[in-house]
Each structure stands twice: as C-alpha cells, then as structure tokens.
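Have a look at the structure below, then the notes.
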There are 2 protein chains.
Amino acid sequence: MGMSVTIKTIAQKAGVSAAAVSKALNGSPDIGAATREKILSLCAELGYTRNQAARSLVTNRSSTLGLLIPDISTPIYPEIFKGLDAQAKKRGYRIFLCDTNRTISMEEDYVRILLEQRVQGIVIAPVSNDVSHIQRIVRGRVPILYIGGKVNDEMENYVATDNQMGSRLAISHLVDLGHRRIAMICDNYGTKTKKDRIAGYRAEMTAKGLDPWIVAGGSDHPEGMEYGYRMFRNLFDLSASEAKAARPSAIYTSSDMVALGVMKAAAELGVKIPQDISLVGYDDIMFASLPTVMLTTVAQPRFELGRLAIDLLCKAMEPSPQVETHRATLEPKLILRSTTRKI
Amino acid sequence: MGMSVTIKTIAQKAGVSAAAVSKALNGSPDIGAATREKILSLCAELGYTRNQAARSLVTNRSSTLGLLIPDISTPIYPEIFKGLDAQAKKRGYRIFLCDTNRTISMEEDYVRILLEQRVQGIVIAPVSNDVSHIQRIVRGRVPILYIGGKVNDEMENYVATDNQMGSRLAISHLVDLGHRRIAMICDNYGTKTKKDRIAGYRAEMTAKGLDPWIVAGGSDHPEGMEYGYRMFRNLFDLSASEAKAARPSAIYTSSDMVALGVMKAAAELGVKIPQDISLVGYDDIMFASLPTVMLTTVAQPRFELGRLAIDLLCKAMEPSPQVETHRATLEPKLILRSTTRKI
DNA sequence: TTGAAAGCGTTACCAG
DNA sequence: CTGGTAACGCTTTCAA
C-alpha cells in the first residue's frame, strides 16, 4: 500500500508548489493556464482525490448540513429528505441524515455527532414538542431549523404547514358534496399539529352552520391505524341502536394512517366507501395513492418544504442574520381521489 | 464571536498540555485520574466539542461508511438503511446516505464525494447491473459491498437474497393449496434478481409436475404496477373467449408492485382475490401489510441484510483480508396473508 | 505520568 | 503570476 497521493505528490511531479496545486484545483485566477493544465491532467492521471477533512480543518467549512428525523421508514420522510437533499445540493451542501428512532437519547447523540462533524446547520424534525435537550447541547453554536409535526412557536426557526387551512379545505369539500354530518377522528391530539387540525375542522364546520363532532382520545390511546380502527368501530357500535340517519355521512381523519384504520374497520363492518360513507385523510402518504386505497386527502407540498427549509436555514447561517427568527408556513392542498362522493 | 474552544483552550485553563487533554478525552491509561477529572469537567463546563475533521486528518480514520441507494422513497430502502445504520452504529461507524435518484451520473458524483470524505467503506445498491463506472472511480482504494436487486457475480463483494428459493416457497405454498394453473407475471426480467425468480418458479413448477406459464415482457415494457395491471388484463382478455377453466387459478408476481397492479386490474374486471384467484407477491413492502391489501408475499430479512452487509464490509476493510471476496446469500421466507386460498 | 515536537493535507497570506 | 510559510485542531511518538 503506497502512500496515498496528496497535493504534495502532485506538486512534486509537476515541479510546482503545493500552493499552486491548490489554486489550480480550486479554480483560482492566480495561476497560469499552462501550469493549471499540467497540474489538472496530473491529478486525473494519478487519481488524486481531495481530502475533505483537511479542507474543512483549514477553511472551517464542512459544506455539510445535518438532518435529524424520527424514523425514515415513516412514509412522509423519504420525500422530505429528497426535497432537502436536492435543494442543499443546489447550494453546494451535502446532507448528513440521522435517524433518531423516535428516541430522545439518540437525538442527543446525533446532535453531538453532527456538532463534532462541524455541520454548518441542522434541520430537525424533533421527536417531542420540547426541544430543550437539543438547545442545551447545541448552545447556539449552529443554527437549527425545525420541521415536522412537533413544530411550535417555542422554536426559533421553522417551516410548518397550515394545518388549520388543511382541515378547512377538507371540510369545505365534503360540505360541497352535500355532507352535513361530518365527524372528525383525531389521534394523538396533544401536538400542535393535531390541535390545529381540530381547530380548522371546528372553524369550518361552524362557519358552515354545522355541528362539530369530534372523536379524540387521550394520549394513552393508540395512534394511527389502530386508533382509526377502534374509533370507527366505536362510532358504529354506538349508533347501531339508533336510526341509521344518526350516523355520520362522512369521516375526516387527522392522518392517512387513521383513515387506513377506518377503512379496515369499515370493510369488516360491511360499510362501503364512498357509497355509504365518505372519507378524507391527511398527509398524502404514498399508500393513499394506491389503487386499492385511492384516499382523498390533504397534502403538504413536500418538495417545497425541502426547498424552503434549506433556504431559511441558509439565511440563518449567514454571518449576521438580518432577522431574529426564520419562519414559514406552507399551504396544504386537497388531493381528490375516490373516497368521497356526493350525498 | 469568540474563538471556538479547542483542546488548547482546555489545556491552558487546566494548566496541562494539549497532549494530556487528548489522552483524557480518549480514555488513554497514560494519565492520572486527578488530571483526567479536572480536564473532563473543564470540557463539560466550556462545552468543548471534538473536531472530527482534525481527528480524521491525523488518524486517517473517518469512522464513516458510505451508502448509495437509487431512491430512498422506494419502499424497501428505508428499512435497509435502518438495518445498516443500526449495525454500523454497533461497530462505531456512522453512515453517510446518498440518494442517487436512479442516475448513473449522480452515482458517480456521490462516489467521488464519499472518497473525498475518506469513508472507510461503501455499501452500494447500484442503479445498473454494470458497475464499471464505479470501479473506475474508486480504483480499489476503498472496499465496496453491493446489495440490492442488481447484484450479480461480476461484483466482488455482495449480500444477495436467494431469489430462486423465494419463488419455490411461493409456488410450493400455492400447490399445497391445490392450485395447478399458476401463472407468473414478471416485469423487468433482464436483471439477475428477476432471472432467478423466474428460474425458481420454473424449477418448482416442474418439480411438482406442472407446466410453467410465464408472462414476461421485454425491457421496453413498463415496470411495477403498470406492468402488472396490463399483463393481468391481457391474460384475462385472451382467456375471455376460452373456457373459464383455462384461466390461471393463481398468479405469482415478480414483485409486490406488480401484484398491486394485478389487484387494480382484478378489481376493475370484477375478479375477486382470493375468491376467484390467489395472488402472491415478492418483497413484502410496507403496502403489502395494509388492511386493504394484505398481500401474501415473499420477504427478505431486511434487518439481517443490514447486519450482514456491514459485517462483510468490515471484513473487507481489514488491513489484510482473509479472503478475496466477501459474499453472502440470505434466505427469504413466505409471509402468509389474505390473498391466497384453498382451491 | 507528563509534555514537547512532529506531523496529517490543505488553504491563506504575503513577499517576491 | 508564483511559491514559501504559517496555520487549522488534533494524535502520536519519544524523551524526560
């Protein structure tokens, strides 16, 4: 194993100084075209590869951003990663992805690791509403931009989505179709995100002169699919004795996963969607577009989220930021598929 | 903005040398317990964070492995990443994930970047069967371990799954249920993976004294869901004029995505699964377990894949590898759900 | 047990 | 335009 080829190796072979090689490599104008050519071809020939560690050390720039997410196998994150990745690339940054496994301790570990890597900024979809453990470690040494469902105003910089508007879009659509008995099934309602979705639902129902009908369990209740499954069964068991007219004609859920649970329960109970009941979800996870699912749902613009997040983070990274906080809220939109129908 | 706190800062404040701090930080035995304590508490107090770039530079170890995948939003990869990540962590490595967007040029770019980062090994799920462009860049400077559907024996180190066995499991199950007319719909059959799945199907059918019935289009045909959709419609249009008995009673597909296409077509044609026809997929993507899908399918042990891949890569990374190539093949297993039925 | 000194590969700053 | 020279922050001898 011969010594690896460094800038010095090249310099020697080319009969120039290390400084000259560095300049040629970095496209500096302070070098003659002839020398540059010579150096560059020599680099190609010898298979020279820059040592990023050495560069980072001296320039104090790693050209790397960190990304912390709770779980990459949760349907929404792969696309968010891609959005962030694409935009970061445009701006000359690499993204270092860390999956925290929904664990505070891993979140802490990774933040420390990212700090050791000297990332220039971090995008975090935090595990919990409270991010004080993160702040405590970072101590403001690196700008952080928060994204995801746990975002709230305690956080300095964030990109959120307008969850109230999302609900309003969903309800408005159902009302347009003639529905008046619209129940909302909401899991996990402690988070800001879910609170907003509920608020939007309530506001739009009221605006249309309808009575809100909210099914939302405590934090000890199951989440996602399991929750939707149980609550829908509940809803129908309870109304079983009553007239059929007392049932909701449409269900709006706090997430697609909850909607999936509803679908499962409905199938078991012989309730047809959308013939017997209309259903609208939230998130537009990949499943929602499957031929066997085709769920009408509220989508957040994921690519746009990535773009915005990186742009805001970069603003926060500037030597003397113009403003104190960097925040943005994205507008969701309704994706019409096959689980809603005129009544 | 004061100077960041370095090992020197600590050394000064503690009244010791930089070397001493380094030793304390790295748990070296060559240092007194008292001095160590003093140094450590000072580090905590001042919020000292190691500079990984500087460490890498001098130790020539980045403690980082690269991972190249074609598309993180493809259902199978998030879990593979997690498996790899977990195992790498156990061995003290971080994983740098690169999404190549199914693009040869990005694959090349990222390989170069990883080389610049001085990753100590790379796991690659390549975009194409041919990986010569990667070899050309890497020049053997870093060990590579290949995974994924494109793996073939041209590649030095790899972890594959036994696709022949997967098919045999599927067919054997269908035969046990009484099926004799079992068609296989296979997209994208140019790859080693798909060839093996076909071979396994053929072998098992023959072993059971049944006639293989293979539907496999050329490379110009669509892939995945679209392919399954079209081929299933084809199959039924063709057999529409014939007796119903001439139709297959079961379909085995080369992937879950193809099976999803079949389900869509079947739904449109009024063919009930599994009442009218049984269906088995391959891959066990997350969708497969959805309540509205519940697809019986062949699964590769993804976590095991991650473990093995990292272990083999680490073997290949050892100074003087024991053997030339590092290869392993994993055994798939059949996941029984609700799309197959006794005939 | 401790520390001084020598690098690791690169860039930045000047003086030629 | 070019090339020494001095950092960057750390680890690793080796001598005390």
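The basis for the numbers below is simple: all heavy atoms, side chains too, and nothing from hydrogens, waters or symmetry mates. Just so we're clear, the structure is a prediction, and the values are computed from it rather than from any experiment. Each chain gets a letter, A, B and so on, in the order its sequence line appears, and its residues count up from 1.
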Review point. For DNA chain C, whose closest nucleotide is more 5', that of B:Arg118 or that of B:Gly32?
Key: B:Gly32

Study note, to complete from the structure: Sorted by chain and number, sequence neighbours left out, side chain to side chain contact (heavy atoms under 4.5 Å, CB included) with B:Lys13 holds for B:Leu42, B:Leu46

Check your understanding: With sequence neighbours left out, what residues match A:Asp85 under side chain to side chain donor-acceptor pair (under 3.5 Å)?
Key ->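 B:Tyr110.
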
Revision key, fill the gap. By side chain to side chain donor-acceptor pair (under 3.5 Å), A:Ser73 pairs with (sequence neighbours left out) A:Asp71

In whole Å, I'd like the distance from the [atom1] atom of [X] to the [atom2] atom of [N].
X        : N      : atom1 : atom2 : answer
A:Gln117 : D:dC10 : CD    : C1'   : 15 Å
B:Gln52  : D:dT11 : CD    : C1'   : 12 Å
B:Gln12  : D:dG9  : CD    : P     : 13 Å
A:Ile31  : C:dA12 : CD1   : P     : 14 Å
A:Arg61  : D:dC8  : CZ    : P     : 18 Å
B:Asn26  : D:dT13 : CG    : P     : 13 Å
A:Asn51  : C:dT11 : CG    : C1'   : 12 Å
B:Lys8   : D:dC10 : NZ    : P     : 9 Å

Exercise for review: Give a yes-or-no answer on whether the side chains of B:Asp130 and B:Ser132 include a donor-acceptor pair shorter than 3.5 Å.
Suggested key: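 Note: B:Asp130 and B:Ser132 side chains meet the donor-acceptor criterion.
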
Point to revise | Spacing of B:Ile122 atom CD1 and B:Leu313 atom CG [to the nearest 0.5 Å] | key: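 That separation rounds to 9.0 Å.
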
Review point. Going by heavy atoms closer than 4.0 Å, what residues in residues 53-60 of chain B are next to DNA chain D?
Key: B:Ala54, B:Arg55, B:Val58, B:Thr59

Point to revise | Positions of residues 33-47 of chain A (non-hydrogen atom under 4.0 Å from DNA chain D), listed by number | key: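 Residues of residues 33-47 of chain A that come under 4.0 Å of DNA chain D are, in numerical order, A:Thr35.
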
Review point. Relative to the 5' end of DNA chain D, which residue comes earlier, A:Asp30 or B:Thr49, by the nucleotide with the nearest heavy atom?
Key: A:Asp30

Study note, to complete from the structure: Given the options A:Gln117, A:Arg112, A:Arg141, A:Arg139, B:Thr49 meets side chain to side chain donor-acceptor pair (under 3.5 Å) only with A:Arg141

Practice item. May I have all residue pairs that pass ring pair (Phe, Tyr, Trp, His ring centres under 6.0 Å) and include part of residues 111-160 of chain B, sequence neighbours excluded? Key: none

Check your understanding: Which ring pair (Phe, Tyr, Trp, His ring centres under 6.0 Å) pairs, counting each pair once, include a residue from residues 27-84 of chain B, with sequence neighbours left out?
Key ->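 Applying ring pair (Phe, Tyr, Trp, His ring centres under 6.0 Å) to every pair that reaches into residues 27-84 of chain B, excluding sequence neighbours, yields nothing.
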
Check your understanding: ring-ring contact (aromatic ring centres under 6.0 Å, His included) with B:Tyr93: which residues, sequence neighbours excluded?
Key ->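 B:Tyr93 satisfies ring-ring contact (aromatic ring centres under 6.0 Å, His included) with no residue once adjacent residues are dropped.
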
Practice item. Give the nucleotide from the list D:dG9, C:dT10, C:dT2 with an atom nearest to the side chain of A:Tyr48. Key: C:dT10

**Study point:** Inter-axis angle, terminal five-pair segments of the helix from C:dT1-D:dA16 to C:dG16-D:dC1 [nearest 10°]
**Key:** 40°

Practice item. Not counting sequence neighbours, list each pair that qualifies as a side-chain hydrogen bond (donor to acceptor under 3.5 Å, both in side chains) and has a residue in residues 32-47 of chain A. Key: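 Of all non-adjacent pairs touching residues 32-47 of chain A, none passes side-chain hydrogen bond (donor to acceptor under 3.5 Å, both in side chains).
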
Check your understanding: Does the side-chain contact (heavy atoms from CB on, under 4.5 Å) test come out yes or no for A:Ile124 and A:Met155, once each step is laid out?
Key -> CA-CA 11 Å; A:Ile124 304 183; A:Met155 303 171 187; over 6 Å; no

Review item, nucleotides 3-6 of chain C N/O atoms under 3.5 Å of protein N/O:
{"residue": "C:dG3", "atom": "OP2", "partner": "B:Ser17", "partner atom": "N", "Å": "3.3"}
{"residue": "C:dG3", "atom": "O6", "partner": "B:Lys23", "partner atom": "NZ", "Å": "2.6"}

Point to revise | Short side-chain N/O contact to C:dG9 OP1/OP2 from A:Thr6, under 4.0 Å | key: no

**Study point:** Inter- and intrachain pairs under salt bridge (Lys or Arg N to Asp or Glu O under 4.0 Å), touching residues 115-129 of chain A, at least two apart
**Key:** A:Glu116-B:Arg50

Check your understanding: Is there side-chain contact between B:Ile95 and B:Ile310, with at least one heavy-atom pair below 4.5 Å?
Key ->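 Yes - at least one pair of side-chain heavy atoms lies under 4.5 Å apart.
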
Exercise for review: Please step through side-chain contact (heavy atoms from CB on, under 4.5 Å) for the pair B:Ile72 and A:Lys82, ending with a clear verdict.
Suggested key: CA-CA 8 Å; B:Ile72 187 71; A:Lys82 289 186 80 107; 3.7 Å; yes

